[in-house]
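From a predicted model like this one, the values you see are computed outputs, not experimental measurements. For reference, positions follow the sequence shown, starting with 1.
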Amino acid sequence: MEGLNASEQRELASRMERKQLKEFMTMYSKLVQRCFDDCVNDFTTKSLINREEGCVLRCVDKYMKGSARLNERFQEQNAAMMQGGGMGR
């Protein structure tokens, strides 16, 4: 953010916050849709049955662990690129 005045820095920070919020909401929406589609199939009751609830919990856990691992790999690749290592595996 060097070379930006205070107003430009605030505007950039605000845009970055909005982008991060939008990305989070997109991820959350995908998570909800995916786990609902995979786990919920009994519409005879208002609440989740035990099997569905367990499925949803496993689905969310797996999704979050997968997202965390992807983030770690992205950071590893980014660090390698910054050190001049390129896009190695």
Side-chain angles (χ1 to χ4, degrees):
M1 293 202 318
E2 290 181 26
L4 300 178
N5 65 38
S7 175
E8 292 169 333
Q9 288 179 6
R10 285 191 301 274
E11 175 64 24
L12 180 59
S14 176
R15 286 182 185 204
M16 290 172 65
E17 287 175 15
R18 286 192 306 267
K19 182 174 177 19
Q20 287 176 336
L21 179 60
K22 182 179 178 182
E23 288 173 358
F24 171 79
M25 293 305 295
T26 298
M27 183 193 79
Y28 180 77
S29 178
K30 287 179 183 179
L31 169 65
V32 169
Q33 188 66 51
R34 171 75 185 256
C35 293
F36 181 87
D37 289 346
D38 288 352
C39 297
V40 180
N41 49 32
D42 181 358
F43 295 96
T44 60
T45 64
K46 290 182 182 180
S47 58
L48 296 175
I49 59 175
N50 288 339
R51 179 181 45 79
E52 292 171 332
E53 187 172 348
C55 179
V56 168
L57 292 173
R58 287 187 303 276
C59 180
V60 169
D61 185 55
K62 191 172 189 176
Y63 189 94
M64 296 305 289
K65 285 179 180 176
S67 294
R69 182 63 185 133
L70 284 172
N71 187 40
E72 289 171 12
R73 289 293 293 148
F74 175 77
Q75 289 178 359
E76 290 167 5
Q77 292 292 322
N78 191 36
M81 286 175 39
M82 296 301 283
Q83 294 176 353
M87 292 290 289
R89 292 180 182 193

Expected list for residues 63-70: side-chain donor-acceptor pairs under 3.5 angstrom, two or more places apart:
unit_1: Lys65; atom_1: NZ; unit_2: Asp61; atom_2: OD2; d: 3.2
unit_1: Ser67; atom_1: OG; unit_2: Tyr63; atom_2: O; d: 3.1
unit_1: Arg69; atom_1: NH1; unit_2: Glu72; atom_2: OE1; d: 3.1

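- Atom CG of Asn78 is surrounded by more than 12 heavy atoms from other residues, nucleotides or ligands within 6.0 Å.
- The two atoms that bring Leu4 and Gln9 nearest to each other are O-NE2, 3.1 Å, heavy atoms only.
- Formation of a donor-acceptor pair under 3.5 Å by the Gln77 side chain with backbone atoms of Phe74 is not found in this model.
- Interatomic distance, CD of Glu53 versus OG of Ser47, reported as 8.5 Å (0.5 Å rounding).
- Between Cys35 and Cys55 the SG-SG gap reaches or exceeds 2.5 angstrom.
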Between side-chain atoms of residues 21-31 and protein atoms elsewhere (two or more places apart, or another chain), which donor-acceptor pairs fall under 3.5 Å?
unit_1: Glu23; atom_1: OE2; unit_2: Lys19; atom_2: NZ; d: 2.6
unit_1: Thr26; atom_1: OG1; unit_2: Lys22; atom_2: O; d: 2.9

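- Inspection of the Ser14 and Arg18 side chains reveals an N or O donor paired with an N or O acceptor under 3.5 Å.
- Linking Ile, Leu, Val, Met, Phe, Trp and Tyr residues whenever their side-chain heavy atoms come within less than 4.5 Å places Val60 and Val40 in a single cluster.
- Under the 4.5 Å side-chain contact rule for hydrophobic residues, Leu48 and Leu57 do not share a cluster.
- Between the NZ atom of Lys62 and the CG atom of Asp38 there is a distance of 9.5 Å, given to the nearest 0.5 Å.
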